[in-house]
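Letters go in sequence order (proteins before strands), and every chain restarts at 1.
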Amino acid sequence: MTGSLAALGRWAIGVFGRLGRGHLFLLQVLGASATLLPRFGLVVAQIWSVGVLSLLIIIVAGTFVGMVLGLQGYNTLVDFGAEESLGVAVAKSLTRELGPVIAALLFAGRAGSALTAEIGLMKATEQLEGMEMMAVDPLRRVVAPRFLAGLIAMPLLAAIFTAIGVLGGYFVGVGLLGVDDGAFWSQMQAKVELMDDVVNGVVVKSLVFGWVVTWIAVFEGYDCVPTSEGVGKATTRTVVHSSLAVLGLDFVLTALMFNQ
Amino acid sequence: MSSPSSPHVPTGAPIVEVRGLSFRRGGKAIFDEVDLDIPRGKVTAIMGPSGTGKTTLLKLIGGQLRPDAGVVRVDGLDVHAIPRDRLFELRKRVGMLFQSGALLTDLTVFENVAFPLREHTRLDEALIRTLVLSKLEAVGLRGARHLYPRELSGGMARRAALARAIALDPMMVLYDEPFSGQDPITMGILVRLIRRLNDALGLTSIVVSHDVPETCSIADQVYVLAGGKVVGRGAPAELQASESPWVRQFIGGLPDGPVPFHHPAVPYLDDLLAGPPR
């Protein structure tokens with residue numbers, strides 16, 4: 001009994017200690033990010049790495065998700081003679097939920113894991129320590145540019161995912177299943193709201209997801225045990241924790257933004 | 001970039017003063033009231049068996065670790081009492097060669113050596129190129145400047161890291177096990193480089209190593225650490241004649257002595273009779 005309580009206590013101290021370190025780390029990263037404006041090239045290089053290099057997976061996934069939405073949406077709507085509303089169904093599903101959420105999950109798997117592994121390996125091979133001994137702050141030189149890049153890239157990737165998804169839905173609905181072309185676009189134009197759907201859905205959600213996923217990824221890399229096993233575990237934690245955080249936060253944000 | 005010692009440091013004073021240094025890790029005392037002086041302009045070797053805290057001492061001197069007690073002064077500055085920005089200013093005057101080299105893997109050799117110059121100076125590219133090439137020429141790697149760290153041998157990586165360590169013309173260079181795992185030719189190159197750079201650039205060098213003949217061949221002064229204490233100190237020749245059993249075991253490479261061959265354990269017979277754990 002005492003042993004179990006002690007184990008529980010150790011676990012709780014470990015979890016809360018880590019949470020505390022993570023938040024202090026975030027404050028330090030934000031402080032370091034504020035000094036990056038004169039050296040924005042460092043951020044641009046990282047946007048290439050976490051954003052541009054994630055484009056292929058975002059485009060391919062967006063296409064298939066849009067096509068599936070088109071097919072499933074048509075099958076449901078046609079029973080009610082409402083297949084002309086397919087454009088709205090596809091666009092609303094993508095802007096409010098699937099665009100930001102799936103893009104964030106893909107971002108966590110593709111870019112988040114890469115960020116953790118990269119920073120973790122830099123730690124394991126003494127590169128971060130070497131920078132410190134050269135009087136270069138690794139938080140400012142390595143972590144902050146990656147954090148800002150994730151924050152900037154995520155909304156762009158979510159927007160691209162959503163746009164490609166709409167095209168995928170159009171291809172299946174209009175191209176293959178015969179939904180009226182004009183009705184597809186005009187109903188979408190009439191029903192999709194800029195503030196509710198595009199800003200709240202795509203922009204706000206993906207900014208929050210980008211913040212959380214990149215924070216988890218850079219913290220896990222920076223805080224990992226500097227061994228090959230430690231880096232592997234940190235990478236796994238990044239994908240698991242950030243995916244769960246995205247799904248949990250999506251519910252909270254949806255409840256706050258779309259609850260009538 | 002090297003600057004004269006701090007104004008309040010008397011001429012001839014040691015560049016590094018360690019007083020009453022105690023450091024514990026995981027309940028084990030790594031250092032217990034250690035005193036050391038590193039003279040300016042000399043090559044000082046810190047030697048001792050594996051696990052005696054030689055690398056830890058370098059990290060304490062560089063301000064990467066904080067001691068439990070005692071003071072470490074570098075050029076008159078208490079490295080653990082000064083604020084972070086002043087510590088970083090001090091580090092610009094101290095180069096460090098890591099055992100792994102610690103080269104930035106996404107940069108070429110040239111970019112690695114240029115890295116501290118680009119971070120800390122506003123020199124134009126032409127001057128940076130000239131400086132980098134001069135450092136690379138000094139370590140014999142001017143022709144390898146386009147290579148990435150993954151394309152270098154272990155010895156080349158250390159030489160490239162050495163070029164980077166002297167990029168800002170430091171007053172002192174810390175070498176962490178510079179010879180370990182090197183073939184005899186590379187070892188010879190590194191030994192000569194450390195001595196030559198120290199004399200030509202007017203540096204102070206601290207070499208942490210357990211390669212006795214190589215290190216003794218270039219050191220002006222040697223400290224031998226064991227059991228958390230300084231167990232020997234002096235010129236290499238003085239240590240060869242030392243009566244200390246610790247120093248004799250280490251310098252002579254004897255398998256048993258004050259540093260026991262066996263890790264502490266229960267008697268062998270008791271262990272055998274105890275049977276497998278349940």
Side-chain angles (χ1 to χ4, degrees), chain A residues 10 24-25 27-29 31-32 34-36 38-50 52-53 111 114-146 149 218 221-222 225-228 230-231, chain B residues 1 55-56 58-65 74 79 82 84-107 111-122 149-150 157-158 160-168 170 172-177:
Chain A
R10 272 197 300 275
L24 287 175
F25 175 81
L27 283 179
Q28 290 174 318
V29 172
T35 64
L36 270 181
R39 304 185 68 187
F40 205 70
L42 291 174
V43 182
V44 173
Q46 292 306 319
I47 290 175
W48 168 268
S49 176
V50 300
V52 177
L53 296 183
L115 284 175
T116 304
E118 189 184 9
I119 295 173
L121 279 173
M122 288 182 85
K123 185 177 180 182
T125 53
E126 296 182 311
Q127 292 180 57
L128 300 183
E129 230 175 302
M131 274 189 197
E132 286 222 347
M133 281 307 293
M134 284 187 280
V136 175
D137 184 358
L139 280 177
R140 192 168 150 267
R141 184 63 176 70
V142 175
V143 177
R146 284 162 175 78
V218 293
Y222 202 77
V225 179
T227 60
S228 47
V231 175
Chain B
M1 249 57 60
T55 301
T56 304
L58 285 191
K59 290 185 174 179
L60 285 160
I61 292 172
Q64 291 168 283
L65 292 175
V74 175
V79 294
I82 56 177
R84 188 176 160 86
D85 54 342
R86 286 191 72 194
L87 178 63
F88 270 33
E89 283 304 316
L90 178 64
R91 282 178 181 171
K92 288 181 195 170
R93 299 192 286 134
V94 178
M96 179 155 180
L97 180 72
F98 284 81
Q99 193 172 351
S100 64
L103 292 169
L104 300 170
T105 48
D106 57 338
L107 302 181
E111 298 294 326
N112 262 289
V113 180
F115 182 81
L117 293 166
R118 291 199 172 122
E119 289 292 320
H120 296 309
T121 70
R122 290 173 184 240
R150 63 177 176 273
R158 277 188 210 176
L162 180 51
R164 188 179 67 176
I166 58 170
L168 290 172
M172 176 169 77
V173 179
L174 314 176
Y175 297 88
D176 186 10
E177 300 284 6

Notebook entry, point to check: Checking A:Gln127 side chain against B:Thr105 main chain: does a donor-acceptor pair fall under 3.5 Å?
Noted result: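 Flag set: sc A:Gln127 to bb B:Thr105 pair under 3.5 Å.
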Check: Mind checking what makes ring-ring contact (aromatic ring centres under 6.0 Å, His included) contact with A:Tyr222, not counting sequence neighbours?
Finding: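 By the ring-ring contact (aromatic ring centres under 6.0 Å, His included) rule, A:Tyr222 matches A:Phe25.
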Next item on the list: Pick one of side chain, backbone, both or neither for B:Leu90, based on which atoms fall under 4.5 Å of a heavy atom in chain A.
Entry: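 Neither; nothing under 4.5 Å.
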Check: Of all heavy-atom pairs between A:Asp137 and B:Phe88, which one has the smallest distance, and what is that distance?
Finding: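 What the structure gives for the nearest pair is N-CE2, 3.7 Å.
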Notebook entry, point to check: Which pair of heavy atoms, one from B:Ser100 and one from A:Glu126, lies closest together, and at what distance?
Noted result: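 Scanning both residues, the minimum pair turns out to be OG-OE1, 2.6 Å.
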Next item on the list: Can you check whether anything in residues 114-122 of chain A gets within less than 4.5 Å of chain B, heavy-atom wise, and list it by number?
Entry: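 Listed by number: A:Met122.
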Next item on the list: May I ask you to test the A:Glu132-B:Arg91 pair for a side-chain heavy-atom distance under 4.5 Å?
Entry: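 SC-SC contact between A:Glu132 and B:Arg91 confirmed.
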Notebook entry, point to check: Quick one: side chain to side chain contact (heavy atoms under 4.5 Å, CB included) partners of A:Ser49, sequence neighbours excluded?
Noted result: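 Expected list: A:Gln46.
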Note to self: Could you walk me through whether A:Arg39 and B:Glu119 satisfy the salt bridge (charged side-chain N to carboxylate O under 4.0 Å, His left out) test, starting with their C-alpha distance in whole Å, then the side-chain angles of each, then the deciding distance to 0.1 Å, before giving a yes or no?
What the structure shows: CA-CA 11 Å; A:Arg39 304 185 68 187; B:Glu119 289 292 320; 2.9 Å; yes
Item checked: Reported CG-to-CE distance for the pair B:Leu117 and A:Met134, which is rounded to 0.5 angstrom ->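 Going from CG on B:Leu117 over to CE on A:Met134, the span is 10.5 Å.
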Check: Between CZ of B:Phe98 and CD of A:Glu129, what distance do you get to the nearest 0.5 Å?
Finding: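 Here the interatomic distance stands at 5.0 Å.
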Next item on the list: Give the intermediate values and the outcome of side chain to side chain contact (heavy atoms under 4.5 Å, CB included) for residues B:Leu104 and A:Met131.
Entry: CA-CA 9 Å; B:Leu104 300 170; A:Met131 274 189 197; 3.6 Å; yes
Note to self: Once side-chain hydrogen bond (donor to acceptor under 3.5 Å, both in side chains) is applied, do any residues pair with B:Arg150, and if so which ones, sequence neighbours excluded?
What the structure shows: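 None.
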